[in-house]
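Scroll down for the structure; my scribbles are underneath it.
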2 protein chains.
Amino acid sequence: MNLSISCTEKGRLIYALVSVNKTIAQKFDLCTDGFSQTRMDLLAQLEVDTTISQKELQQRVNVDNAAVTRHLKHLETKGMIERVRSATDNRVILVSLTAEGATRITRLRQQKDEFLEQLLEGFTADEQHQLTQMIQRIETNALTLPKTTVT
Amino acid sequence: MNLSISCTEKGRLIYALVSVNKTIAQKFDLCTDGFSQTRMDLLAQLEVDTTISQKELQQRVNVDNAAVTRHLKHLETKGMIERVRSATDNRVILVSLTAEGATRITRLRQQKDEFLEQLLEGFTADEQHQLTQMIQRIETNALTLPKTTVT
DNA sequence: TATCAATCTTTGATACGTCAAGGATTTTTC
DNA sequence: GAAAAATCCTTGACGTATCAAAGATTGATA
């Protein structure tokens, strides 16, 4: 989303917000060592919930089912995760990290956390609080927005 | 990008920022009447620069050359734009809106501006200023970041 | 218990974005 | 003025996201 064309003051603000997001994503990609963000999120989630169904994983990471299936297949061939059918429900597949996947994601996540810290370098606790509040308000505005459909 | 796993305070803030961005993009898609955001940006740019080369267009909208070519081809078949080779330089293709494209994008852009306005509903001028400043600082931090590569 | 509905995963179609390589044209340089 | 470099556009290969439909399994219902 570019949005750069907007002529209004608020439009420019939102554009800046979208823009910083893109910058963050790009910079972030530079230090993920070949892992896409989604794949990294999947592994990181498995670091927390050591054994979890694909469905749950999908909900936590918030991408499409199909994408999760494909990523997990890939990660399995790479030896990062294991997948086994649940004994109690043959529909579900339980996913867990391999030893290799665990050590890998642990280091990557630390790197990520460090990266995130640096983005807010120089922000006081108070400023961080204010910023969080404002983001919340925008999120609320977005969610409660009436659907402005073109008529 | 999910980033939801982050354990640090700042990490959660950045996550909120990324998250609100996703929400905005999703809501925005609901009112674009079948136009992807990039296609809309292309048309909106043509509303400003009435005749422009693909190269310039690509730089303004900030997506890949290949993507621009494909979008413009599509928009051409839909009768939204026209493309003609430049008389002075046969390499470049000049793009412009058709009458239909013009009326279409005008309405869509107005809708978009209205949407953006609503996202910041309730923000005072002062708050908007503060928020802009903070976003700027994050952007600066991101851009000046040393490349933290996994070693 | 047989059927119908719900749930979980997979696959196919489609859309979008990037990078890299290739064609055509212009500009530079010797 | 001809060869080399640069510029603009296009195309191909690939990665990833979504939706919709289909398979397999389980649960609910009559």
Side-chain angles (χ1 to χ4, degrees), chain A residues 1-3 18-19 21-23 25-30 32-43 51-78 81-96, chain B residues 1-2 18-19 21-30 32-43 51-78 81-96:
Chain A
M1 179 151 61
N2 183 333
L3 303 177
V18 169
S19 189
N21 203 73
K22 188 171 182 179
T23 303
Q26 283 174 344
K27 283 285 178 176
F28 186 59
D29 275 331
L30 295 176
T32 49
D33 197 18
F35 280 81
S36 76
Q37 287 166 12
T38 299
R39 284 219 253 269
M40 192 172 155
D41 285 338
L42 287 169
L43 293 179
T51 296
I52 188 176
S53 74
Q54 288 195 192
K55 175 75 174 175
E56 285 178 282
L57 197 46
Q58 180 261 314
Q59 289 166 337
R60 306 277 167 91
V61 174
N62 193 32
V63 295
D64 191 82
N65 293 318
V68 171
T69 293
R70 285 161 187 147
H71 280 304
L72 291 181
K73 274 187 176 175
H74 180 267
L75 289 170
E76 190 176 30
T77 68
K78 290 280 182 179
I81 63 159
E82 284 176 341
R83 304 194 306 158
V84 292
R85 290 215 106 87
S86 164
T88 62
D89 185 341
N90 253 302
R91 290 169 304 183
V92 334
I93 291 187
L94 297 174
V95 189
S96 55
Chain B
M1 179 151 62
N2 184 331
V18 169
S19 191
N21 203 73
K22 188 171 182 180
T23 303
I24 290 173
Q26 284 174 344
K27 283 285 177 176
F28 186 60
D29 276 331
L30 295 176
T32 49
D33 197 18
F35 280 80
S36 76
Q37 286 165 12
T38 298
R39 283 218 253 269
M40 193 171 154
D41 285 337
L42 287 169
L43 293 180
T51 296
I52 188 176
S53 75
Q54 288 195 193
K55 175 76 173 176
E56 285 179 281
L57 198 46
Q58 179 261 314
Q59 288 167 338
R60 307 278 167 90
V61 174
N62 194 31
V63 296
D64 192 84
N65 292 317
V68 172
T69 293
R70 284 158 187 149
H71 280 305
L72 291 180
K73 274 188 176 176
H74 180 267
L75 289 170
E76 192 175 29
T77 67
K78 291 279 182 179
I81 62 159
E82 284 177 340
R83 304 194 304 159
V84 292
R85 290 215 106 86
S86 163
T88 62
D89 186 340
N90 253 303
R91 288 170 304 183
V92 335
I93 291 188
L94 298 175
V95 189
S96 54

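Below, chain A is the first sequence line, B the second, and so on; all start at residue 1.
For the side-chain contact (heavy atoms from CB on, under 4.5 Å) with A:Leu75, the lone residue among A:Arg83, A:Arg70, A:Glu82, A:Arg39 that qualifies is A:Arg39.
If you take CG of A:Leu57 and P of C:dC8, they are 14 Å apart, rounded to a whole angstrom. Rounded to an integer number of Å, the gap from B:Lys73 NZ to C:dG17 P is 16 Å. Remark: P of C:dG12 and CZ of A:Arg70 are 9 Å apart, rounded to the nearest angstrom. Residue B:Asn62 contributes atom CG, which lies 15 Å from atom C1' of C:dC16 at whole-angstrom precision. As a whole-Å value, the separation of B:Lys55 NZ from C:dT26 P is 17 Å. Atom CD of B:Gln58 is separated from atom P of D:dC8 by 10 Å (rounded to the nearest Å). Across the protein-nucleic acid pair, A:Asp41 atom CG and D:dA17 atom C1' stand 14 Å apart, rounded to whole Å. Summarising the geometry, the separation between CD on A:Glu56 and P on C:dT9 is reported as 9 Å, rounded to the nearest angstrom.
Interface remark: the B:Arg83 side chain does not form any donor-acceptor pair with the D:dT10 base, using a distance-only criterion of under 3.5 Å. Between the side chain of B:Arg39 and the base of C:dG17, no donor-acceptor pair of N or O atoms lies under 3.5 Å. At a cut-off of 3.5 angstrom, the base of C:dT9 holds no donor-acceptor pair with the side chain of A:Arg91. The base of D:dT26 has none of its N or O atoms less than 3.5 Å from a complementary donor or acceptor on the side chain of A:Arg85.
Counting any heavy atom pair closer than 4.0 Å across all strands shown, B:Asn65 reaches a base atom.
Checking D:dG12, D:dT18, C:dT11 against the side-chain heavy atoms of A:Val63 singles out D:dT18 as nearest. With C:dT25, C:dC16, D:dA17 as the choices, the nucleotide that has an atom nearest any side-chain atom of A:His71 turns out to be D:dA17. Each of C:dT10, D:dT10, D:dC9 was ranked by its minimum atom distance to the side chain of B:Val92; first place goes to D:dC9. Ranking D:dT18, D:dT25, D:dT10 by closeness to the A:Asp89 side chain, first place goes to D:dT25.
Annotation: side chain of A:Gln37 is in contact with side chain of A:Asp29 (closest heavy-atom distance under 4.5 Å). Proximity of B:Asp89 to B:Val92: side-chain heavy atoms (C-beta onward) are separated by under 4.5 Å at one or more points.
In this model, a donor atom of one side chain and an acceptor atom of the other lie less than 3.5 Å apart for A:Ser86 and A:Thr88.
One finds no side-chain N or O of B:His74 lying less than 4.0 angstrom from the OP1 or OP2 phosphate oxygen of C:dA15. Residue A:Ser53 has no polar side-chain atom (N or O) positioned under 4.0 Å from OP1 or OP2 of C:dC8. An OP1 or OP2 oxygen of D:dT10 is reached within less than 4.0 angstrom by a side-chain nitrogen or oxygen of B:Gln54. Residue A:Ser36 has no polar side-chain atom (N or O) positioned under 4.0 Å from OP1 or OP2 of D:dG15.
Interatomic distance, A:Leu57 CG to A:Thr51 OG1, rounded to the nearest 0.5 Å: 11.0 Å.
No donor-acceptor pair closer than 3.5 Å links the side chain of A:Gln58 to the backbone N or O of A:Asp64.
Each of B:Asp64 and A:Thr69 lies near DNA chain C, and the nucleotide nearest A:Thr69 is the one positioned closer to the 5' end.
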